[in-house]
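Step one of this worksheet: look at the structure below.
Worth knowing before you read on, the calculation uses all heavy atoms, side chains too, and leaves out hydrogens, waters and symmetry mates.
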Amino acid sequence: MSVSSASSNQSSNSSTARTVDAVIVGAGFAGLYMLHRLREQGLTAQIFEAGSGAGGTWFWNRYPGARVDVESMQYSYQFSEELQQEWQWSERYAPQAELLEYLNHVVERFGLAPDIQFNTRVESAVFDDSSKTWQVSTDQGDQVNAKYCIMATGCLSKANKPDIAGMDSFNGPTYHTGEWPHEEVDFSGMRVGIIGTGSSAIQAIPEIARQAEHLTVFQRTPNFSVPARNKPLDPEEVKNVKQNYGALREAGQQQFGAFDADSNTKAAAEMSPEEIKAELNKRWQMGGLNFFGVFVDFLVTQETNDIVADFVREKIAERVNDPETAALLAPNTVFGCKRICADTDYFETYNRDNVTLVDISKTAISAITPEGLKVGDGSSEDKAYAFDALVFATGFDAMTGSLNKIDIRGCDGQTLKEKWAAGPLTYLGLCSAGFPNLFTISGPGSPSVFTNMVTSIEQHVEYIGDIIAYMTDNKLATIEASNEAETQWVAHVNEVASYTLLNSCNSWYLGANIPGKKRVFMPYAGGFPPYVAKCNEVAAKGYEGFTLT
Ligand code: N01
């Protein structure tokens with residue numbers, strides 16, 4: 001194995017290239033486990049992380065109310081029995097601070113810090129065909145050669161900051177939910193404006209409303225949300241889970257979303273009206289993403305989806321006092337076409353006197369101004385709103401954004417960005433033809449965002465680890481997806497999505513939230529178990545669909 005001088009928490013400005021077996025980009029759930037796994041295999045690895053600490057998503061998304069929506073006992077690593085036994089989650093859905101604490105504990109427990117360099121953004125990764133290595137450069141002047149380059153950059157990492165006239169002109173502070181400051185933000189006594197009503201906003205709005213003098217919400221598209229029903233974890237329940245953790249994990253891996261959720265296996269058409277009503281009410285009471293398990297066909301049969309959507313719309317009408325506001329908050333899209341949100345008192349927040357909803361579905365925000373913003377067609381008739389602080393809850397350039405930010409060049413100098421201009425092309429969401437020894441953890445084309453991310457990440461990390469062990473054992477220099485396998489996989493990903501109702505709205509799954517981004521369905525919607533079966537079959541056939549040299 002090669003040298004590792006990869007042990008600094010400080011930025012190194014050395015212009016001499018050093019060599020490690022693998023460079024890993026990102027220190028979130030994916031990067032941390034990848035580092036641990038490679039070190040266990042006896043390899044040297046270096047993580048570069050743009051943030052000043054570990055945690056990825058949970059490092060950056062510190063907005064008020066941020067918490068996970070998959071139960072914490074399952075949204076956690078399972079690779080270490082000791083870790084899952086010793087860690088104590090306090091709530092059903094852990095808040096951001098606790099998730100960050102957990103990930104920092106993982107860094108400490110497995111001694112990962114020496115191989116993580118913080119405050120360092122990878123600027124380019126270029127494949128050198130003669131040495132068959134990746135040459136990685138950072139904004140701190142690092143030059144590192146590595147046989148493997150592993151992108152653990154996350155699916156929702158590049159903040160989407162809309163291109164609105166006068167964006168930088170606002171006099172007060174502005175925030176993006178995905179880049180929230182580390183110091184506490186106090187909105188007391190302030191007039192606050194928030195743009196967006198996706199998952200981040202739905203969590204932040206109730207918290208900000210409790211603090212601010214007045215909160216104005218600018219909504220372009222309403223979102224479906226179900227009550228999270230978060231609560232402190234019952235020690236008895238925790239004890240039971242821990243006594244049988246393996247069984248819970250095993251059950252989770254057999255489910256579409258890679259978490260155990262007691263799903264109904266029937267389609268709505270197989271149930272009587274009374275059974276349908278009882279199932280909907282049961283799921284509503286369970287709360288959170290358990291609602292996904294309501295009918296097996298809700299994302300493929302329009303009639304079933306209508307039943308679910310109507311039920312949730314009725315609930316919104318019950319939760320919001322003012323009928324006009326309730327009507328504006330009721331989505332008319334397919335239920336689940338956009339990621340379903342789980343909330344605590346989101347809709348009830350609109351019953352407060354200090355909260356106003358502004359519908360911008362027909363008239364957009366025309367400008368950000370020194371005082372606040374304007375809504376209208378850009379004429380003098382535009383309606384002006386004044387604020388002391390502005391929050392952008394406008395989401396992310398999902399799945400490809402964080403990769404396209406890096407100048408990644410494969411064989412013949414082709415950039416990944418150019419190759420993916422018409423949509424991401426991958427084999428299994430892991431590799432792209434023309435980019436040997438480059439891996440994307442939970443990349444486009446893998447189940448990733450449709451699943452418990454931690455479990456999907458672990459499966460990818462272990463799969464990549466196995467590939468690397470196979471390469472070492474067989475003295476191989478490169479592994480690369482074949483064009484044919486990639487084309488077939490991309491076609492399969494699209495075909496699976498086409499059987500569902502997921503193409504019917506402007507979601508970030510399709511890149512439709514980013515102006516100019518090609519509308520292509522990016523994640524694999526076939527579910528975790530068939531995906532894992534396919535990966536295992538590929539491995540059993542000597543990594544079929546890959547070219548090994
Ligand atoms: O982003 P989003 P998010 N003018 O894209 C609006 C995960 N997550 O950060 O729908 C006006 O969902 C946009 O409007 P529209 C989860 O996977 C998980 O909230 O495009 N409005 C939308 O309302 C989630 O899906 C958790 O018409 C503009 C909002 O901004 C994903 O992250 C918590 C606009 C963006 O919503 C992203 O969620 C939080 C413009 N120019 C996030 N541009 C949990 O685990 C955008 N919008 C609980």
Test ring-ring contact (aromatic ring centres under 6.0 Å, His included) applied to Trp134 - qualifying residues, sequence neighbours left out: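 Per chain and number, Trp134 pairs via ring-ring contact (aromatic ring centres under 6.0 Å, His included) with Phe127.
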
List for me each residue that meets ring-ring contact (aromatic ring centres under 6.0 Å, His included) alongside Phe256, sequence neighbours excluded, and say none if there are none.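 Testing Phe256 for ring-ring contact (aromatic ring centres under 6.0 Å, His included), a comparison that skips the adjacent residues, returns none.
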
Partners meeting side chain to side chain donor-acceptor pair (under 3.5 Å) with [X] (sequence neighbours left out):
X	value
Glu40	none
Asp473	none
Thr133	Ser131

May I ask you to test the [X]-[Y] pair for a side-chain heavy-atom distance under 4.5 Å?
X	Y	result
Val538	Phe546	yes
Ser72	Tyr102	no
Thr177	Gln203	no
Phe292	Ser263	no
Thr455	Phe259	no
Glu486	Ser432	yes
Val391	Val192	yes
Lys517	Thr400	yes

Got a list of side-chain donor-acceptor pairs under 3.5 Å for residues 245-252, not counting sequence neighbours?
residue: Tyr245; atom: OH; partner: Met73; partner atom: O; Å: 2.6
residue: Arg249; atom: NE; partner: Gln84; partner atom: OE1; Å: 3.0
residue: Arg249; atom: NH1; partner: Gln74; partner atom: O; Å: 2.9
residue: Arg249; atom: NH1; partner: Ser76; partner atom: O; Å: 3.3
residue: Arg249; atom: NH2; partner: Ser76; partner atom: O; Å: 3.2
residue: Arg249; atom: NH2; partner: Ser76; partner atom: OG; Å: 3.1
residue: Arg249; atom: NH2; partner: Tyr77; partner atom: O; Å: 3.1
residue: Arg249; atom: NH2; partner: Gln84; partner atom: OE1; Å: 3.1
residue: Glu250; atom: OE2; partner: Gln254; partner atom: NE2; Å: 2.9

Give a yes-or-no answer on whether the side chains of [X] and [Y] include a donor-acceptor pair shorter than 3.5 Å.
X	Y	value
Ser225	Asn223	no
Asp21	Thr44	yes
Gln96	Tyr63	no

With a 3.5 Å distance limit and no angle check, can you tell me whether [X] reaches the backbone of [Y] through a side-chain donor-acceptor pair?
X	Y	value
Arg62	Phe59	yes
Thr440	Gly429	yes
Asp343	Ile202	no
Asp186	Ser188	yes
Ser446	Gly443	yes
Glu49	Gly51	yes
Glu98	Ser90	yes
Asn160	Thr394	yes
Lys242	Gln85	yes

Result of checking Arg229, Lys231, Arg67 against Glu91 for salt bridge (Lys or Arg N to Asp or Glu O under 4.0 Å):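 Exactly one pass, corresponding to Arg67.
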
Please assess Thr120 against Asp139 for the test side-chain contact (heavy atoms from CB on, under 4.5 Å), listing each intermediate value before the final yes or no. CA-CA 6 Å; Thr120 305; Asp139 64 353; 4.1 Å; yes

Residues forming a salt bridge (Lys or Arg N to Asp or Glu O under 4.0 Å) with [X], sequence neighbours excluded:
X	answer
Lys534	none
Lys518	none
Glu101	none
Arg121	none

So for atom CD, which belongs to Glu184, do other residues, nucleotides or ligands contribute more than 12 heavy atoms lying within a distance under 6.0 Å?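 Not more than 12 within 6.0 Å, no.
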
For Asp234, is the CG atom crowded, meaning more than 12 foreign heavy atoms sit under 6.0 Å from it?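 Result for CG/Asp234: enclosed.
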
Do Tyr75 and Phe29 have ring centres separated by under 6.0 Å?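 Aromatic pair counts; centres sit under 6.0 Å.
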
Sole candidate of Phe528, Tyr509, Tyr531 that passes ring pair (Phe, Tyr, Trp, His ring centres under 6.0 Å) when paired with Phe450: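 Of the listed residues Phe528, Tyr509, Tyr531, the ring pair (Phe, Tyr, Trp, His ring centres under 6.0 Å) partner of Phe450 is Tyr509.
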
Go through the steps for Ile441 and Ile24 under the test side-chain contact (heavy atoms from CB on, under 4.5 Å), then give the verdict. CA-CA 10 Å; Ile441 300 178; Ile24 301 165; 5.7 Å; no

Closest heavy-atom pair and its distance - [X], [Y]:
X	Y	answer
Thr138	Glu123	O-OE1, 3.8 Å
Val490	Leu425	CG2-CA, 3.9 Å
Trp489	Thr426	CD1-O, 3.4 Å
Pro436	Glu480	CG-OE1, 3.7 Å
Asn437	Thr478	OD1-CA, 3.2 Å
Tyr93	Val68	CB-O, 3.2 Å

Relative to the ring of Tyr470, is the ring of Tyr543 parallel (under 30°), tilted (30 to 60°) or perpendicular (over 60°)?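 Aromatic pair Tyr543/Tyr470 classed perpendicular.
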
Mind telling me whether His36 and Phe79 have parallel, tilted or perpendicular rings, with 30° and 60° as the class edges?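 Tilted, since the angle between the ring planes falls between 30° and 60°.
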
Only distances under 3.5 Å count here; give the side-chain donor-acceptor pairs of residues 103-111 to other protein atoms, sequence neighbours excluded, each with its distance to 0.1 Å.
residue: Asn104; atom: ND2; partner: Leu100; partner atom: O; Å: 3.2
residue: His105; atom: NE2; partner: Glu86; partner atom: OE2; Å: 3.0
residue: Arg109; atom: NE; partner: Glu86; partner atom: OE1; Å: 3.3
residue: Arg109; atom: NE; partner: Glu86; partner atom: OE2; Å: 2.4
residue: Arg109; atom: NH2; partner: Glu86; partner atom: OE1; Å: 3.2

Set of side-chain contact (heavy atoms from CB on, under 4.5 Å) partners for Thr174, sequence neighbours left out: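 If we apply the side-chain contact (heavy atoms from CB on, under 4.5 Å) test to Thr174, skipping adjacent residues, the hits are Phe170, Leu390, Phe392.
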
Going through the checks in order, is the side-chain contact (heavy atoms from CB on, under 4.5 Å) test met by Leu215 and Ile205? CA-CA 8 Å; Leu215 176 66; Ile205 284 168; 3.9 Å; yes

Is it true that Asp466 and Arg37 make a salt bridge, defined as a side-chain N closer than 4.0 Å to a carboxylate O?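 Yes, charged N to carboxylate O under 4.0 Å.
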
Pair Thr197, Tyr346 - check side-chain contact (heavy atoms from CB on, under 4.5 Å), show working. CA-CA 10 Å; Thr197 48; Tyr346 172 64; 3.6 Å; yes

